[in-house]
Amino acid sequence: MKRNKYLAVLMSGVMALSAVACGSKTETTDTSAGTTQTAETTADTQQTGDTAGGTVAAEPEVVEASVDFEDGNFAFARVCLTKGNPDNSELSVDTFGGSKALHITNVENKNMFVGINVDALLGSDVEKLARIVMDIGTEHSDGFHATSGKFYTYTGEKLTENKAGTWSVYLESANPNRLSFDVSGFVAGADNYILLTKETETSQTAGDLYIDNIAFYDAAGNLLTADSSADFGSPQGFENSGEDRSNLFGISGEVVMDLEGAGDAWSQIGYQAFTDEEWEALTTPGSVVEISYSSESGYMWMGLSGNNWLRIGVGDQDGSGQQYSYLNNSRNIAQITYEQIAAVCGDDTSAWDNAIFLESDSAFEVYSVKIGQQAANLIALNTVDLGIEGAGGAWSQIGYQELTEEQLEVLHSEDSVVVVEYSSEDGDLWIGLSGDNWMRVGVGDADGSGGVNAITDGSKCYVTYDMIASICGDDPSAWDKSIFIESDTDFEVYSVKVGHAAEFIPNNHQIDAGISGAGDAWSQIDYGITLSDEAVEALKTPGSVVNVSYASEGGECWIVMTSGDNGWVRVGVGDYDGSGQGYAVFDGSLCQVTHDMIAEWYGDDPETWGNQIVVEAASAFEVYGVTIGQSK
């Protein structure tokens, strides 16, 4: 199967236009799933009698479907790697229950997310869509396990997320299970899609999913025709928005190298000389090399070759005891910094070798390589929406909107940040202020001014208070009060907000704490876990960072120290419990608590911290994983 070069996912299988499928329908209601279901007794679960070898399966029967996978098409389905603790799942079309079905193979024993672009499938008819019915089946190597998950729709021009229901396969005698979801709000031409997930505590056991016999109905119950040759495309937010930037630096002013390819364990790709532009970017202090990749082990690093041959970011994978590259939680983006290169190759950049190679300790594939400047990995908290959206051509502006007093008050705060959700042809975007003056902020050298670059990743653009002050002056009361958005290529803006900046801390060499599970509001997980000696040592080391991959109803998360000399103390709770403590940094999917936060609230001597941490939130929550990394 061929991997998608931008998501590092293995794709195959497409949904087919047909009315052929397997199973006989019986309308039931599955109260555990919370949705009306059409339970199917399918070929591999229909039992006609016992035999010495087990049961006898009946022939599949016909059910009504818009897509049945019999033609093997699959381009409108894609694995999503931007959600919590995602599995780098493989897609294919295989036989299940006597019928062809979309097979979602669990590769890493993580949560599974697969999107289907219903806009691409249905065209203008997507606006009639009122109900989606499908068969969902499960398969485990060690026998049947009850499995469940969630069903989301992303609708309208802004692709608003809606939880349409939950699903479950809880009986071996009803596997696959036919489920029905009521939906609405789809807009033609806006790449509206659905997302099926396996992300609940009951389904953490490694196992595969199958989707079959998808039927799209209008409000009158008429079956809608689907075009199975459709392509998933690039819905706003699916590939880029929410891209896993955990443990990484932001990157600005990046140069994209013409470098990609695949290799076996301990082989190298590249040996490619830098262009003058790439070399200048690499040898500028503060540079960072960012590699988008996949590998079986999850590790990736680079090297320089020429007069010397030196690995950089390999860590101790080759026994050298070097620093590790910075890896995100999804293990599909690696970063190597200027400082890490200098630590191996020396401070004199003129002596660095001029050719780059890429390597891993397992089979790997590289999808892109960028060189840019390290930037803060920002998020915006307590935001105020400015209500700006729209599209423009190169060097045009949208907005010119005068800010309200409330918006100005936030903007004039010294920790303020403007965040723009957008897309543009070259990934560039910035803001400007106009009034008595007209000033671009974050344009970099795109207009020849040599200004500061905004922090952009192709889907979000961050412009900080300090960036604005460097252009417009230190007195915010003198700043112009009207804001506009601009790019040097065609662009579209989906939202503009101003809030208070917080920063995720890049960290590497992460140790798995072995913590996962779900809890209700103000419950804690996991009291049954004692940290390994390696994890305790990592936690006690100055510069340590506790990273929690999670989801909670309210978006909040923190940790609790429980076994040290100072007893039971929350760290990073903020004012959720009325203590007025400092907040952990969290964005609804990643929470970070630093060594300094723990020291402030649990004591300066890490030898007294004990060997246990638990996770807590003020609302129902689920933890997908906890690691302890190093920021120094």
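No hydrogens, no waters, no symmetry mates; every other heavy atom, side chains included, goes into these values.
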side-chain contact (heavy atoms from CB on, under 4.5 Å) between T541 and H509, worked out: CA-CA 12 Å; T541 302; H509 196 199; over 6 Å; no
Is any side-chain heavy atom of E280 less than 4.5 Å from a side-chain heavy atom of V255? no
Check the side chains of E296 and S362 for a donor-acceptor pair under 3.5 angstrom, ignoring hydrogens and angles. no
Let me know which of I214, L196, L195 forms a side chain to side chain contact (heavy atoms under 4.5 Å, CB included) with I116. I214
Would you indicate whether the side-chain heavy atoms of I515 and I613 approach each other to under 4.5 Å? yes
Who passes ring pair (Phe, Tyr, Trp, His ring centres under 6.0 Å) against F151, sequence neighbours left out? F181
Could you check whether Y293 and F364 have their ring centres less than 6.0 Å apart? no
Given side-chain contact (heavy atoms from CB on, under 4.5 Å), test V114 with S89 step by step and report yes or no. CA-CA 9 Å; V114 61; S89 306; over 6 Å; no
Any salt bridge (Lys or Arg N to Asp or Glu O under 4.0 Å) pairs touching residues 536-551, not counting sequence neighbours? E537-K540, K540-E607
Main-chain N/O of G625 paired to S516 side chain as donor or acceptor, under 3.5 Å: no
Distance-minimising heavy-atom pair for V615 and C557: CG1-SG, 3.6 Å
Is there a side-chain contact (heavy atoms from CB on, under 4.5 Å) between L259 and L358? Walk through the geometry before answering. CA-CA 10 Å; L259 176 54; L358 306 173; 3.9 Å; yes
Heavy-atom check, side chain of Y210 versus side chain of P176, under 4.5 Å: no
Which residues share a ring pair (Phe, Tyr, Trp, His ring centres under 6.0 Å) with Y338, sequence neighbours left out: W352
Is a donor on one side and an acceptor on the other found under 3.5 Å between the side chain of Q630 and the backbone of A538? yes
About how many Å separate CG of N175 and CG of D135, when rounded to the nearest 0.5 Å? 10.0 Å
Salt bridge (Lys or Arg N to Asp or Glu O under 4.0 Å) pairs touching residues 297-311, sequence neighbours excluded, are R311-D318, R311-E359
Please walk me through it: do Q592 and N547 pass side chain to side chain donor-acceptor pair (under 3.5 Å)? CA-CA 5 Å; Q592 285 189 333; N547 305 282; 2.9 Å; yes
Would Y367 and S294 count as a side chain to side chain donor-acceptor pair (under 3.5 Å) if you check the C-alpha gap in whole Å, the side-chain angles of each, and the deciding distance to 0.1 Å? CA-CA 8 Å; Y367 307 110; S294 61; 2.7 Å; yes
Do side-chain atoms of E260 reach the backbone of S368 as a donor and acceptor pair under 3.5 angstrom? no
Heavy-atom closest pair, residues V369 and V289: CG1-CG1, 4.0 Å
Measure the spacing between CG of L102 and CZ of F69 and express it to the nearest 0.5 Å. 4.5 Å
Donor-acceptor under 3.5 Å (Q272 side chain, D258 main chain): yes
Measure the acute angle between the ring planes of Y326 and F249, then classify it against the limits of 30° and 60° as parallel, tilted or perpendicular. perpendicular
Can you give me the closest heavy-atom contact between A101 and F96, atom names plus distance? CB-CB, 4.4 Å
Distance col, row M257:CE vs E277:CD, nearest 0.5 angstrom, shows 10.5 Å
Do the side chain of N117 and the main chain of F76 share a donor and acceptor less than 3.5 angstrom apart? no
Beyond-backbone contact of K460 with L378, side-chain heavy atoms, under 4.5 angstrom: no
Give the C-alpha distance, both sets of side-chain angles, the deciding distance and a yes or no for side-chain contact (heavy atoms from CB on, under 4.5 Å) between N106 and K198. CA-CA 10 Å; N106 193 305; K198 189 197 78 162; 3.3 Å; yes
Is a side-chain donor or acceptor of E534 paired with a backbone partner of I511 at a separation under 3.5 angstrom? no
I136 and side chain to side chain contact (heavy atoms under 4.5 Å, CB included): which single residue from T147, N213, L179 fits? L179
When rounded to the nearest 0.5 angstrom, what distance separates OG in S267 from CZ in F357? 11.0 Å
Decide yes or no for L282 and I341: does some side-chain heavy atom of the first lie under 4.5 Å from some side-chain heavy atom of the second? yes
What one should report as the nearest heavy-atom pair of W301 and D361 is CH2-N, 3.3 Å
Close side-chain approach of I336 and I291, heavy atoms under 4.5 Å: yes
Sequence neighbours left out, what pairs pass salt bridge (Lys or Arg N to Asp or Glu O under 4.0 Å) with at least one residue falling in residues 330-357? none
Donor-acceptor contact present, side-chain T95 to main-chain G98, <3.5 Å: no
Could you go through Y550 and F621, starting from their C-alpha distance and side-chain angles, then the distance that decides it, and tell me whether this counts as ring-ring contact (aromatic ring centres under 6.0 Å, His included)? CA-CA 7 Å; Y550 77 102; F621 67 101; 8.3 Å; no
S168 side chain to S148 main-chain N or O, any donor-acceptor pair under 3.5 Å? no
Side chains of L539 and V546: closer than 4.5 Å at any heavy-atom pair? yes
Compute whether any side-chain donor of one residue and acceptor of the other, for N328 and N247, lie under 3.5 angstrom apart. no
Using atom types as modelled and distance alone, determine if a side-chain donor or acceptor of E70 lies under 3.5 Å from a backbone N or O of K100. yes
Can you give me the closest heavy-atom contact between Y422 and T456, atom names plus distance? OH-CB, 3.3 Å
Please report the interatomic distance SG(C80) to OH(Y154), rounded to the nearest 0.5 Å. 7.0 Å
In the structure I gave you, are the side-chain heavy atoms of Y299 and V314 within less than 4.5 Å of one another anywhere? no
Identify, with sequence neighbours excluded, every residue that meets side chain to side chain contact (heavy atoms under 4.5 Å, CB included) alongside T489. S424, E425, D426, S487
Taking N177 for the side chain and V169 for the main chain, is one N or O donor matched with an acceptor at less than 3.5 Å? no
What are the two closest heavy atoms between C345 and L304, and how far apart are they? SG-CD1, 4.0 Å
Between atom OG1 of T105 and atom CG of D94, what is the distance when rounded to the nearest 0.5 Å? 7.0 Å
